[in-house]
There are 2 protein chains.
Amino acid sequence: MAKLQKSIDKQNALFKATLALINNGGIQEASMAKVAKMANVSPATIYIYFENKQDLVNQLYLNVKASFSKSAFDAYNESLPVKKSFEHIWFNIAKFKMAYSQEAEFLSQCDNAPLIDLEIRKEGLVHLQPLLDLWKRGQEEGIIKEISPFLLYAYSIYPMAFYLSSVVNDICPLGDDMLKSAFQLAWDSIKV
Amino acid sequence: MAKLQKSIDKQNALFKATLALINNGGIQEASMAKVAKMANVSPATIYIYFENKQDLVNQLYLNVKASFSKSAFDAYNESLPVKKSFEHIWFNIAKFKMAYSQEAEFLSQCDNAPLIDLEIRKEGLVHLQPLLDLWKRGQEEGIIKEISPFLLYAYSIYPMAFYLSSVVNDICPLGDDMLKSAFQLAWDSIKV
DNA sequence: GAGTAATTAATAAATGTTCATTCTTTTTTT
DNA sequence: AAAAAAAGAATGAACATTTATTAATTACTC
């Protein structure tokens, strides 16, 4: 067992514990002591891997965001037509949110509460470029409405957070047809 | 000056301080000591008006949610056609979020972070009924898609939170046309 | 046995909450 | 209408815990 691997494992254990605690009771319930206990580690050990608590949370955010972005553009092929491309990315994101609902919940908490330093949050947005490019292409082809990417995101991607959190909390049912409906809404809103 | 009025004033000062602090740095920055100082009150005084910190935050949530709902259905007339009705409510909400951006920001923080007790959160949803009724009418008339109200909300109302927070943070410009575009997206997504 | 990883134990500061007490207002008695 | 009594509102200081963070010490690996 390589030393490096062990380090990574311990980091991941800390990430996992922090994520679970923050998801359950917010940042106020995620004390360093609890994180340490949940990761089977002494509190002092955390400071070997992270500068301080804020750094721990920031790094967790970047970590989760990276895995989100990776999923979003998994097997993405720019050569497909605009709608097909968008559909591909959209369902990738939906799949991520279903499969990693804890991570998804954490991300939307970060996007709406002042948990993460602003610079770090900006850093996490970088990976979205392919989607912005796609929208631009769609607009040039006259397929997608000529409006700010903020609006496009707000109406075609952002709603998934709400809908899928309802699903996860068992307030709202889920079926394959349900997901298709959701995509239809997303596409109807941004298509020209 | 009636005693009752003075009580209400003090409660409102506490609400205002709590809101500001939570908005700025999350619940962890809103200590009872800071809330008290900001409201020009002794920490012990808070416990005359509220059971404990959680109760303070819960009551604040209900208070803000009530004023939100009131705005949403301001001058709302059920006798108008479905689209006109929806437009009315939609712009009411938009106006609220612009005029009371602090309150709006707080609400979306509450909806995505475990700040508020679940029962209290449910209590805050009650006032949305007229909108649900409207959607039902629209569906009966074949104007609005036959899908779960969760999806309808996720795509026609929820996006405003994202878009208008971008506006407030000066990341995204705002114009009257911009708002009209946003409404167009909302309507396009749910209309049949 | 050198060097790093991890722990225990300790730090000061901050946390939510309560206490005994004072100040202010209202009610009762004269 | 004035004085006395009761009640209520507000306070600052103190409470025991908990907080994030470090210093000193031990365990482990190469």
Side-chain angles (χ1 to χ4, degrees), chain A residues 1-61 106 109-110 113-117 120, chain B residues 1-61 106 109-110 113-117 120:
Chain A
M1 169 76 81
K3 184 173 64 173
L4 182 70
Q5 185 56 46
K6 209 173 154 193
S7 259
I8 293 176
D9 287 348
K10 204 149 277 189
Q11 271 207 35
N12 281 336
L14 287 169
F15 280 153
K16 199 177 161 188
T18 309
L19 176 62
L21 285 168
I22 289 184
N23 257 3
N24 254 39
I27 188 81
Q28 58 180 346
E29 287 296 317
S31 71
M32 297 302 256
K34 284 187 191 165
V35 169
K37 177 171 272 185
M38 193 172 240
N40 287 318
V41 143
S42 159
T45 305
I46 304 180
Y47 291 85
I48 299 172
Y49 294 91
F50 303 96
E51 231 176 277
N52 50 34
K53 185 178 181 180
Q54 185 63 58
D55 184 45
L56 166 62
V57 178
N58 283 344
Q59 297 306 321
L60 169 60
Y61 175 76
F106 173 72
Q109 191 174 163
C110 290
L115 278 184
I116 310 294
D117 291 337
I120 301 291
Chain B
M1 168 76 80
K3 182 174 66 174
L4 182 71
Q5 184 56 47
K6 209 173 155 193
S7 260
I8 293 177
D9 286 350
K10 204 148 276 190
Q11 271 208 35
N12 281 336
L14 287 169
F15 280 154
K16 199 177 161 189
T18 309
L19 176 64
L21 285 168
I22 290 185
N23 257 3
N24 255 37
I27 189 80
Q28 58 179 346
E29 287 296 317
S31 71
M32 296 301 256
K34 283 187 192 165
V35 169
K37 177 171 273 185
M38 193 172 238
N40 287 318
V41 142
S42 160
T45 305
I46 303 180
Y47 291 85
I48 298 173
Y49 295 92
F50 303 97
E51 231 176 277
N52 49 35
K53 185 178 182 181
Q54 185 63 57
D55 184 46
L56 165 63
V57 178
N58 281 344
Q59 296 306 321
L60 169 60
Y61 174 77
F106 173 72
Q109 191 174 163
C110 291
L115 277 185
I116 309 294
D117 290 338
I120 301 289

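Sequence lines set the chain letters: A, B, ... in the order given, protein chains first and strands last, and positions in each chain run from 1.
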Subject >> Under the ring-ring contact (aromatic ring centres under 6.0 Å, His included) test, residues paired with F15(B) that sit two or more places apart >> reply: F50(B)

Subject >> Within residues 22-49 of chain B or reaching into it, pairs that qualify as ring-ring contact (aromatic ring centres under 6.0 Å, His included) - sequence neighbours excluded >> reply: none

Original post:
Under a 4.0 Å heavy-atom cut-off, which of residues 31-39 of chain B touch DNA chain C?
Top reply: S31(B), M32(B)

**OP:** Go through the structure and list residues passing side chain to side chain contact (heavy atoms under 4.5 Å, CB included) with Q54(A), not counting sequence neighbours.
**Re:** N52(A), N58(A), D117(A)

Original post:
Got a sec, which pairs hit salt bridge (Lys or Arg N to Asp or Glu O under 4.0 Å) with one end in residues 50-60 of chain A, sequence neighbours left out?
Top reply: none

Subject >> Euclidean distance, atom CD of residue Q28(B) to atom P of dA20(D) [Å, nearest integer] >> reply: 9 Å

Subject >> Atom-pair distance (NZ on K53(B); C1' on dT18(D)), nearest Å >> reply: 13 Å

Original post:
Over how many whole Å does the gap from F50(B) atom CZ to dA10(D) atom P extend?
Top reply: 12 Å

Original post:
Considering all heavy atoms of both residues, which atom of L115(B) and which atom of V57(B) are nearest to each other, and what is their separation?
Top reply: O-CG1, 4.4 Å

**OP:** Not counting sequence neighbours, list each pair that qualifies as a ring-ring contact (aromatic ring centres under 6.0 Å, His included) and has a residue in residues 26-46 of chain A.
**Re:** none

Could you pull out the protein-nucleic contacts involving nucleotides 6-9 of chain C (nitrogen or oxygen on both sides, under 3.5 Å)?
from: dA6(C); atom 1: OP1; to: K10(A); atom 2: NZ; distance (Å): 2.9
from: dA6(C); atom 1: OP2; to: Y49(A); atom 2: OH; distance (Å): 2.6
from: dT7(C); atom 1: OP2; to: S42(A); atom 2: N; distance (Å): 3.0
from: dT7(C); atom 1: OP2; to: T45(A); atom 2: OG1; distance (Å): 2.3

Enumerate donor-acceptor pairs with a distance under 3.5 Å from any side-chain N or O in residues 38-46 of chain B to protein atoms, sequence neighbours excluded.
from: S42(B); atom 1: OG; to: A44(B); atom 2: N; distance (Å): 3.3
from: T45(B); atom 1: OG1; to: S42(B); atom 2: O; distance (Å): 3.3

Return all side-chain donor-acceptor pairs below 3.5 angstrom for residues 16-25 of chain B, not counting sequence neighbours, or 'none' if the list is empty.
from: T18(B); atom 1: OG1; to: L14(B); atom 2: O; distance (Å): 2.7
from: N23(B); atom 1: OD1; to: F106(B); atom 2: N; distance (Å): 3.4
from: N23(B); atom 1: ND2; to: Q102(B); atom 2: O; distance (Å): 2.8
from: N23(B); atom 1: ND2; to: Q102(B); atom 2: OE1; distance (Å): 3.1

Original post:
Please, which pairs that meet side-chain hydrogen bond (donor to acceptor under 3.5 Å, both in side chains) have at least one residue in residues 25-38 of chain A, sequence neighbours excluded?
Top reply: E29(A)-K34(A)

Original post:
Roughly how far, to the nearest 0.5 Å, is the CD1 atom of I48(B) from the CD atom of Q11(B)?
Top reply: 11.5 Å

Subject >> Those residues of residues 11-23 of chain B lying under 4.0 Å from DNA chain D by at least one heavy atom >> reply: none

**OP:** Send over the distance from Y47(A) OH to dT19(D) P, rounded to a whole Å.
**Re:** 12 Å

Original post:
In whole angstroms, how far is the P atom of dT18(D) from the CD atom of E29(A)?
Top reply: 12 Å

Subject >> Between dA20(D) (P) and I46(A) (CD1): distance, integer Å >> reply: 9 Å

**OP:** Could you tell me the separation between the CG atom of D9(B) and the C1' atom of dA10(D), rounded to a whole number of Å?
**Re:** 16 Å

Subject >> Interatomic distance, Q54(B) CD vs dT17(C) P [rounded to whole Å] >> reply: 10 Å

Subject >> For Q109(B) against G26(B), the heavy-atom pair lying closest together >> reply: OE1-CA, 3.7 Å

